[in-house]
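Below, chains carry the letters A, B, ... as their sequence lines are ordered, and counting in each starts from 1. Here the structure is a predicted model, which means the values were calculated and not measured.
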Amino acid sequence: MGRLARVELRRYLSRAAVRWLVVAMLAAVLITTFSAWRVSPPPTQAQVTWAQQQLTVAQSDWAQHREQYLADCRSAQQAQQAQLAEAQQPGSPQAIRCEAIAPKLEDFLPPRPTFADSADGWLGSVATFVLLLSLIVGATFVAAEFSTGSIATWLTFEPRRGHVFASKAAVVSLATGVVALVVSALAVGGFWVATAVHHASGDVTAQTLTDLGNQSARITAAAAGAALVGAVLAFLLRHTAAVVAVVIAWAIAFDQLLATSLLHAPRWALTTNLEAWLHGGTTYYQEGPCVPDPLGGLACHSLQVPLSMTTGGLTLVVLVAVVTGLALLVFRRRDVA
Amino acid sequence: MSELAVSTRGLRKTYRAGGRRIVAVEALDLDVPAAGVHGFLGPNGSGKTTTIRMLLGLIRPDSGEMSVFGTPVPRELPAVVGRIGAIVEAPKFFWNFSGRRNLELLAQAIGVDGHQVTVVLGDVGLADRADSDVRTYSLGMRQRLAIAATLLKDPDLLIFDEPTNGLDPAGIREVRSTMRGLADSGKTVLVSSHILAEVQQIADTVSIVARGKLVASGRLDDLVSSGASAVRVGVGDRDAASHLLRGRGWTVSDEGSDLVVTGADAVEINRTLAAEGLYAHELRTDHADLEQVFLDLTATEPTASTGRRAK
């Protein structure tokens with residue numbers, strides 16, 4: 001088994017398709033880093049001058065209508081709280097803060113993201129590409145054997161199909177996970193440099209770095225899982241294009257149409273669980289009970305339901321395990337042309 | 001009884017195609033003696049490749065038993081796979097890897113020293129192109145690479161499925177010589193082919209299959225000598241001779257200026273003609289060759305080697 005794994009690792013490292021897909025991941029890092037660099041410079045003198053002019057006008061307006069604006073704000077605040085109470089979700093972190101509505105200079109300057117407050121979002125953007133490319137890496141690694149027919153040659157040297165399956169799936173999953181970890185680390189480093197050159201690192205604390213480390217670890221695990229899913233689906237479908245098509249079809253047919261629209265169960269959508277895992281938890285909207293409204297109709301409210309990272313991750317693990325088991329069963333029994 | 005390299009009993013395999021079951025192999029009892037070259041012959045679609053794939057565990061039989069060197073396969077194939085080297089149909093490798101890289105991966109998988117890769121590449125005459133990608137190889141080169149792959153294990157049984165497909169005459173002769181050489185060194189070579197002239201030159205024993213069933217098996221010499229031979233007769237009064245010979249119950253046909261007679265040997269024919277005052281100026285026995293035997297046994301299947309139909 002160890003010998004087979006070493007052979008598969010050698011093949012993994014030799015495959016041009018794998019190298020190109022890793023280059024594509026690095027390109028995603030570069031593009032996101034460039035984007036971070038583009039949006040993080042300090043405002044120009046012209047922008048500051050314009051903002052100061054706007055601030056002067058706004059402060060004049062605020063001085064005249066302050067009481068009215070505050071009253072409007074508090075009214076909106078109460079309405080929001082009533083809505084949240086009805087939905088049984090008091091204390092939303094995004095509650096309106098009326099004490100902060102007085103005009104300030106930064107209200108009129110272009111937004112300036114910092115490493116501290118935006119690196120997780122940028123890393124999330126990179127993760128989308130990394131997961132998609134990991135899926136393709138896994139698929140092409142196995143499908144190439146079926147399309148060239150070399151799987152038949154391979155099986156005449158190692159007929160134990162369970163070993164063949166396990167070595168290929170394990171190597172492509174672990175190796176791609178390592179690639180994703182390196183790519184994530186490069187991305188975080190790139191964001192740091194891109195913002196630091198503009199003195200836009202922000203308030204970076206140990207917690208900031210720990211959070212980014214945890215996020216990178218989750219991306220690594222998800223990439224390993226995506227590569228595994230790509231590989232085992234290729235054992236089932238034998239073509240990379242078919243694997244990609246099935247995943248897209250699943251996202252549309254199951255996630256969007258069946259789970260979300262027809263069954264009203266977004267909890268079971270793949271994307272919901274993936275989002276929970278990657279973002280350390282998420283919320284989704286679940287159709288709540290409908291109650292009679294004063295006009296005689298029915299008022300239906302959507303409930304915002306939290307989904308923890310652990311629950312989302314476990315759901316994904318079960319799904320991957322089921323697909324892997326099915327693929328192994330089929331590969332062990334199916335004729336190889 | 002000598003040891004059998006390969007044995008099958010009651011082997012059956014069917015496929016589903018277009019909503020109905022196609023029988024690829026039916027009740028096949030195949031015995032391949034250890035050592036020597038065994039020709040596994042049959043028209044295209046007769047079940048040769050399917051049988052080989054079943055032996056190698058690539059496809060599952062519907063029923064029947066198989067063994068290689070007495071070891072039941074596919075159940076215990078891992079125990080005996082190290083003694084088997086096989087090429088099934090067209091050689092299949094990773095196209096974007098060099099020939100050497102392909103063999104290195106296979107060698108590493110079975111724990112063979114990397115030096116052996118260089119040796120077998122040299123053995124098949126691929127040393128010069130070993131580092132080129134397989135996609136740049138001709139079919140003949142890929143075939144030689146496949147033979148090199150089978151030699152990596154130094155196997156006791158080599159299975160070659162149509163090994164000369166795509167090879168030029170020099171390559172064909174080389175492969176033929178390689179197979180014979182391997183057999184002479186004590187190995188068993190099972191070669192499936194529909195190119196009978198080649199097999200006839202190197203095979204010790206043969207099995208002939210048609211429509212998934214075994215129709216003949218045994219030593220090549222015995223099989224060929226059992227085939228019907230014909231006597232070509234040159235005689236002055238052809239009509240009278242033809243009438244006379246047909247009257248004895250023999251089959252007579254006109255071929256140009258000669259009569260071709262089957263069912264009797266030259267001595268009987270000569271005696272019969274002379275007794276009636278008809279004197280042959282030519283009598284020649286045309287012995288059946290493997291091709292004739294094959295065509296007779298597989299009946300009406302045109303073969304790629306001749307393009308003719310059996311009578």
Task: Ala16(A) portion near chain B, given a 4.5 angstrom heavy-atom threshold - done: neither

Task: Which atoms of Arg334(A) approach chain B - backbone, side chain, both or neither, heavy atom under 4.5 Å - done: backbone

Task: Smallest separation among heavy atoms of Pro78(B) and Arg160(A), with atom names - done: CG-CG, 3.5 Å

Open item on the list: Looking at Arg20(B), I want to see if its CZ is surrounded by more than 12 non-hydrogen atoms of other residues, nucleotides or ligands under 6.0 Å.
Closed with: no

Task: Residues of residues 92-117 of chain B with any heavy atom under 4.5 Å of a heavy atom in chain A - done: Lys92(B), Phe93(B), Phe94(B), Trp95(B), Phe97(B), Arg101(B), Glu104(B), Leu105(B), Leu106(B), Gln108(B), Ala109(B), Ile110(B), Gly111(B)

Task: salt bridge (charged side-chain N to carboxylate O under 4.0 Å, His left out) against Arg332(A), all qualifying residues, sequence neighbours excluded - done: none

TODO: Examine whether an atom of Arg53(B) lies under 4.5 Å from a heavy atom of chain A, and if so say whether it belongs to the side chain, the backbone or both; otherwise answer neither.
DONE: side chain

- [ ] Pull out the residues in residues 171-191 of chain A that come under 4.5 Å of chain B, heavy atom to heavy atom, sorted by number.
- [x] none

- [ ] Calculate, to the nearest 0.5 Å, the distance between atoms CG and CZ belonging to Leu56(B) and Phe157(A) respectively.
- [x] 11.0 Å

- [ ] Only counting residues at least two apart or in another chain, list the ones meeting ring pair (Phe, Tyr, Trp, His ring centres under 6.0 Å) with Phe160(B).
- [x] none

Open item on the list: So for atom CZ, which belongs to Phe69(B), do other residues, nucleotides or ligands contribute more than 12 heavy atoms lying within a distance under 6.0 Å?
Closed with: yes

Task: Lys13(B)/Asp335(A) under side chain to side chain contact (heavy atoms under 4.5 Å, CB included): CA gap, chis, key distance, verdict - done: CA-CA 11 Å; Lys13(B) 177 68 181 177; Asp335(A) 292 348; 2.9 Å; yes

- [ ] Taking the side chain as every heavy atom from C-beta outward, state whether Leu155(A) and Leu58(B) have any pair of such atoms under 4.5 Å apart.
- [x] yes

